[in-house]
Every structure is written in structure tokens, then in C-alpha cells.
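Below is one structure; the comments refer to it alone.
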There are 2 protein chains.
Amino acid sequence: MNLKQLSEILGLSQTTVSRALNGYPEVSEGTRIRVQAAADKHGYRPNSRAKGLATGRSMVIGHVIPSSSQHEMVNPIFGDFVAGAARTYAEYNYDMMFTHAPDTSIEDSYRSLFNRGVVDGVVLQGPKVDEPRISVLSRMGVPFIVHGRSTCAKGAYDWIDVNNQRSFERATRFLIDLGHRRIALINGLEDMDFAQRRRSGYVAALEEAGIALDPCLLRSAEMTEIYGHQTACEMLKLDDPPTAILASSIISAVGVRRALEDNGLKMGRDVSVIAHDDELSYMRNGMDVPIFTATRSSVRHAGELAAEMLIERINAPNDPPKTCLLEAELVVGSSTGPAPQRA
Amino acid sequence: MNLKQLSEILGLSQTTVSRALNGYPEVSEGTRIRVQAAADKHGYRPNSRAKGLATGRSMVIGHVIPSSSQHEMVNPIFGDFVAGAARTYAEYNYDMMFTHAPDTSIEDSYRSLFNRGVVDGVVLQGPKVDEPRISVLSRMGVPFIVHGRSTCAKGAYDWIDVNNQRSFERATRFLIDLGHRRIALINGLEDMDFAQRRRSGYVAALEEAGIALDPCLLRSAEMTEIYGHQTACEMLKLDDPPTAILASSIISAVGVRRALEDNGLKMGRDVSVIAHDDELSYMRNGMDVPIFTATRSSVRHAGELAAEMLIERINAPNDPPKTCLLEAELVVGSSTGPAPQRA
DNA sequence: TGATGCATCCAAAGCGCTTTGAAAAAGAGT
DNA sequence: ACTCTTTTTCAAAGCGCTTTGGATGCATCA
């Protein structure tokens, strides 16, 4: 069923039917109702490609799957962020498109999506400290939003981010206040912008307290469970092991917990752990009582907001750049406690 | 840059340019090279909407985000399955589209995607035991593939699935052979087809061994970490607690492990655990030595295969239905051991 | 009564591509 | 030199929609 057929059935022109369905005022209320009824009855759905061709808009937003090349890993927060965004898109009648790209051609992927007219805008996930994609997209004139920020990016751009620096500074200070001096940071990949900011929050808190930074207590890699486990195991073998560990994701924190248990240590008593909790739906940090003391910020909610900001941008390409800085909450669970007295 | 502009630059007709770029034989090798060079130089990308309109194909495949309504949970395997599929799509020049739908209108979402001409085919994830979407899609004539199967579905359809029944039967038998008699199954949601099959494999193995089924040792819910933890805790409080636990996902298995530790029990010695391992990229089951004894089958690989099968179906709508049954591997880790002697 | 405005509706152009049917150009054969 | 193929190129139609720039009818006003 297409417009032509529908208009023939109704004995109206395509123009009128199209206008009736799209809510233009030039059509009488009577015919509008008649048209709408017929459309519903026959299950008419305007062909979105044709519509897009005519309007110049595709009502589609593009994401490029951030599959870190090295280990072909899917970012665990990907699913929840996307679910949040999708929810907003559905509300505004946008569809959502994905492209997989090897890390090398990720830029091309964005370019291709936009130049082929597939999407009206794109979401940039997982920005690095130095993120070339941002300037590329700016130059191309693609409406886009960044989930996170990029320290090295020059111009202004739309972004939404968690205050990583502040939340990790706070978490670190919390541990220091509990008497900890040997505090480790098991961080995300070093070239990721968020990791850099978390690190600087951590460093700032240590400095403030006059604690020297020990490189042995600082690691970065992709935030898997295995990585958390292995790193924690190694650190526990140090002559002067950490009494507290900050983990950049709840997933690696799970690995840390496993490491503690493997070593016969009790989390919260022997070693304190604070995790960053993105509130992943399948990896909730406990029910009423949090398992981990955590800096908490819903990545799903961020997805919803990001989508909204992007849609705004698409509708008003010339508005000044918008940004949104979310504050993470510090929730106290049972994984932290006072620093144990040295033997 | 569009076709018209490019053809004017070249002094050729749109027809010739189009043919040259699409590899039709009616154009001389000389001009083909010339055209290709110009296209590259100017970064010409055919508008995919226009192309779709003209060809009647969109080169897009649709997925509907399986967000279980109740807890708005994103299926944890979603990301990896999709990453696999995306890889194949990229190879065949397909794009990938997502729609979020509340559980109630999930059927409409598929209908809308297809009727609006947005997609050439769809992937159906997370089929239930009784899955109405299958017959809907069949009737609509949408090319589709099911990741999993639906026991109640009538006609034939394309699917790819893991042999859940067999793998859980094998895992259960493995535990029985180790001397376990109190074996629990912490399963996925009961109305999901895969959960049903795993359960029947479990039941079959118990029956074979003449062990009576104890309803107290059987649970189903969404496979979160919390669920695994809570369920295991409850079961351990029974008068006659399980000595072995089968977990339907590695994520709930993590919860089970936490429960054991909370209760001062050692996994593999006091209580054996077998998990189903989808090889999620951020939740690997150990490095060289598996953490959990597990039934293993890569969901990412399934995604790749599913995409391939769907593309085949799109290209040959009238071929007889194709199916693919993957066998899960049983990998033995340190989470299982002989049943402890009763006190 | 004719001019004016307003509410409805429509024919046709155009979005950027593919593809049909035909024409022009180039070789081949005699 | 002329016809007959074969190769190469093209103009134009069509995909399904929106939108421009009229038409048409009808009530209103002088």
C-alpha cells in the first residue's frame, strides 16, 4: 500500500492525503479524519526512503560500534547506553543505525554514513584523549554528540559526560579519610579520555594528602573481569601491597574481589575496594545494600540524555554548543572500611 | 556531490557513470577506470536512500532491542551477538538498524520497520517458548532469522541455536558422575525457549540417573548477578542444600560464587558450579585455565553466522528453510569437583 | 453583479538513483 | 563502399514521497 493507491481509494490527490497525514492545516478536519481512518484500515506506512529523499532527512541516527580493535572487545557499557538512547529515539520517531568498523577506518565509517545520507546525526562513543574524529565531524558539518569529552579537541562541540575527575578525587579522598595510604587505581585504557580524568582526580587527592604516587599501584587496560583479577593479584604480591583499590568499572571490580578471595583476604576488612558503577542492568551493584562502595552514574540515563541533545542539535544546527556534566554519586557499601593496622 | 554533478564533470551521462561504478559489463574498461578515479577523487558516495528507492532494497537489516520489559534489562549477550552480526554485515555492505520497543508493541516494531521499507530483513532475538512474532513475520513475508528457536512455532523457519538441551544434559551428567545428587539449576526466565531446553536437558540427566527432581533446586529469572547470588544464598539455607549448581549464564554464576564466599564455602570443593559461557568479551571465563567449568559457545560467532544466513535468505527468498545447531563445548575448570561426603 | 478573500484541493516538479529501450559509434565481413 | 554485429553511450521513465504554485468553489463584501 503506497500513497498513490491510498489516494485512489479515497478519491483524493496524493497531495491532500499526504498533507492530511502530516497534519498540515490546508486540509479540512472532515477529510483528515477520513484519510486517517483509511490509512489505519489499510495499514498504510509511508515509505521512509521515499520520504527521506523528498525531505532530505532520514530520521536515523548513527552509532559506530566501539569495538576496541586489540581484543575485539565490546564495551560492556555499550548495551545500556544504547538502550537508553534508543528509548529517546523511539519517542522522537528516530531510528538508530549501527556500523561496525575496524579501529582504523572508524572515521571513514562516520563519513560514509553521513555522506550517503543514511543518518541525520551521529553519536561518538568512547572518545580518546586525542580524538581526531571530533574535528573530522565538525568539519563535515555532521550534527553529533560525544559521550565523554576529549581533552585535546580544539573547537567547541556538544558532549555529555560524567565528572570523572571529581568523582575519583572524591572516592580517593574517602579512602584516605579511612586511613588508607597505599591506594591503587585499576584504570581503563590510558588513551581513553575518561581514564585520564579519573587518574587526575586520583592523583589530585593523593597530592592534597601528601601521599607520593607509586607507579606500581597504577594500571590501565581494557576493563574486563580478568584484567581486574590479574592486576589485583599482582599488586597483592608487592612488598608493600595496597590496602585499597579503585576500579574503573564494576566488572573489573568483580575480578578484584575474586583476587582477594583467592588470596584469602576479605574485601572491606583487609582491602577496601571502590568501583565505578555505570548501573549496568545485568550487573547491578547489589539490591538495597550496595556490594561495592561506588561512584555511581547511570550510563543508560546518559544515553537518553545524549539522544535528546543530539536531536536538539539536528533541529537547530546553529545553536551554540551544549554540554552536560553529570555528577556521580558516592554510595557507600560494604567493600570499604578503615585501613588495617600494619603488622 | 551527486551522480548528476559527477557525470557532468566527466562529460558522461548518469547512466554510464552509474553503470561504471556498479560494475556492469556495458561500459568499457577505459571509462570505468576514469569514472572510478573521479568518484574517488571527489569522494562521491551514492545516496543510499535514492539507491534504495530505485532498487527496492535498503541494504539494511533490522534488530529490535530485546529489552525485557519487567526490569528494563538489556540482555547482556546483546552486545556481543550484535558485534558478531555487525562484522558480517559490514562485509556484505549491509547496515544495521535498531529499534527499541516496549514488550507490548514489539510485533508492531517489526511490521513498521519492514512496511516502511526501512529494512530488507530482520533478526529475531530471544524467542520465547511460544513466540507469536515468528508466525507474524512469516505471514508478512519478511526475511528473518531467529537466534534460538521456539518450541511452539508451527511452520518451518530459519534459525540458529545452541544445542541447549544436550549441553545441559551433559553438564548435569558430568556432575552426577562426580557423585553429586543435589544439583540445582539456576535458569533463565521460564518463558524463554532456551531456558526450557536447558531445563529439559537437566531433567533428562537426573531421570537417567534415577534422581528425583526437587523443585527447591530449580529457579528461573533474568540472569543477573544479583539473581545468582540471592538464589544461591537461599538454596544454601535449605535443610538439604545443593552440592552442585548449574547456572544459565556466567553472570549469574559470578553471583553464585559470591554467595558461596559469603557463606564461607569454597567453590569446587564444597559446592561445584557449572556455568553456561557465551564468551562475552568483557567477562571471559579465565585465561588459559577456565575459572568455571562451563558449557561454552560463542554468542558472537552465532551473531556472525546468523547474519550470514539472513543475507542468504534475502538473496534467495524461496530457498527451503535453513537451520544451524551449534554444539556447546564442555570445558572443565576448577569450579567443579567430587561431591563432598555427607557429615 | 463582479471583485475579493478564504478554505480546499490538485497537477506536476523534484529528491538521487537505477534501468529500459534506443541511438550512435566502432569493427567485421563481403 | 555498404551492411550487419557488437560495443558504448544516452535520454527518459520510474521508485514513493513532499512541496510549490496554482486552480476551484464558495461565501463575503461593496
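Letters A, B, ... are given to chains in the order of the sequence lines, protein chains preceding strands, and every chain is numbered from 1.
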Mind running side chain to side chain donor-acceptor pair (under 3.5 Å) on A/S28 and A/T31 for me, showing each step along the way? CA-CA 6 Å; A/S28 71; A/T31 50; 3.0 Å; yes
List the steps and the verdict of side-chain contact (heavy atoms from CB on, under 4.5 Å) for A/I314 and A/Y94. CA-CA 12 Å; A/I314 290 172; A/Y94 272 85; 3.7 Å; yes
Output, in order, the C-alpha distance, side-chain angles, deciding distance and verdict of side chain to side chain donor-acceptor pair (under 3.5 Å) for A/S112 and A/S109. CA-CA 5 Å; A/S112 162; A/S109 299; over 6 Å; no
Residues A/L21, A/Q36; criterion side-chain contact (heavy atoms from CB on, under 4.5 Å); working and verdict: CA-CA 6 Å; A/L21 294 175; A/Q36 191 57 261; 3.8 Å; yes
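Distances shorter than 4.0 Å separate none of the side-chain N or O atoms of A/Y24 from OP1 or OP2 on D/dT18. Look at B/T16 and you'll find a side-chain N or O under 4.0 angstrom from OP1 or OP2 of D/dC10. Regarding contacts with the backbone of C/dT18, every side-chain N or O of B/T55 stays at 4.0 angstrom or more from both OP1 and OP2. Residue B/K51 places at least one side-chain N or O under 4.0 Å from the OP1 or OP2 atom of C/dT18. Side-chain N/O atoms of A/N2 include none lying less than 4.0 angstrom from OP1 or OP2 on D/dC15.
To the nearest angstrom, P of C/dG16 lies 17 Å from CG of B/N22. One interatomic measurement links the two molecules: NZ of A/K4 to P of D/dC15, which rounds to 7 Å at whole-angstrom precision. Note: CG (A/L53) to P (C/dT18) measures 12 Å, nearest angstrom. As a whole-Å value, the separation of B/L21 CG from C/dT18 P is 8 Å. Atom pair A/E8:CD and C/dC10:C1' shows a separation of 14 Å (rounding to whole Å applied). As rounded to whole Å, 16 Å separates atom C1' of C/dG5 from atom CD of A/E26. The interatomic distance linking A/N115 (CG) with C/dG16 (P) rounds to 13 Å, in whole Å. If you measure from atom CG of A/L3 to atom P of C/dC10, you get 12 Å, rounded to the nearest angstrom.
A/I145 and A/A306 get closest at one heavy-atom pair: CD1-O, 3.8 Å.
The side chain of A/Y44 approaches D/dC17 more closely than any other nucleotide in the set C/dT8, D/dC17, C/dT19. Among D/dT20, C/dG16, D/dG16, the nucleotide with an atom closest to any side-chain atom of A/N47 is D/dG16. For A/A50, the side-chain atoms get nearest to D/dC17 when compared with the rest of C/dA11, C/dT18, D/dC17. In the set C/dT18, D/dG21, D/dC17, the nucleotide with an atom closest to the side chain of A/A54 is D/dC17. In this structure, the nucleotide among D/dA11, C/dG16, D/dT8 sitting nearest to the side chain of B/S28 is D/dT8. Closest to the side chain of B/Q14, out of D/dA12, D/dT19, C/dC17, is C/dC17. Which of D/dT9, C/dC15, C/dC17 sits closest to the side chain of B/L12 comes down to D/dT9.
The residue among A/T15 and A/E29 whose nearest nucleotide of DNA chain C lies closer to the 5′ end is A/E29. Between A/R45 and B/R34, the residue whose closest nucleotide on DNA chain D is further toward the 5' end is B/R34.
Residue side chain B/T31 does not reach the base of D/dT9 through any donor-acceptor N/O pair under 3.5 Å, judged by distance alone.
Across all strands shown, A/G11 has heavy atoms under 4.0 Å from sugar-phosphate atoms exclusively, and none from any base.
In summary, of the residues considered (A/M97, A/M96, A/H63), a side-chain contact (heavy atoms from CB on, under 4.5 Å) with B/F98 occurs for A/M96 alone.
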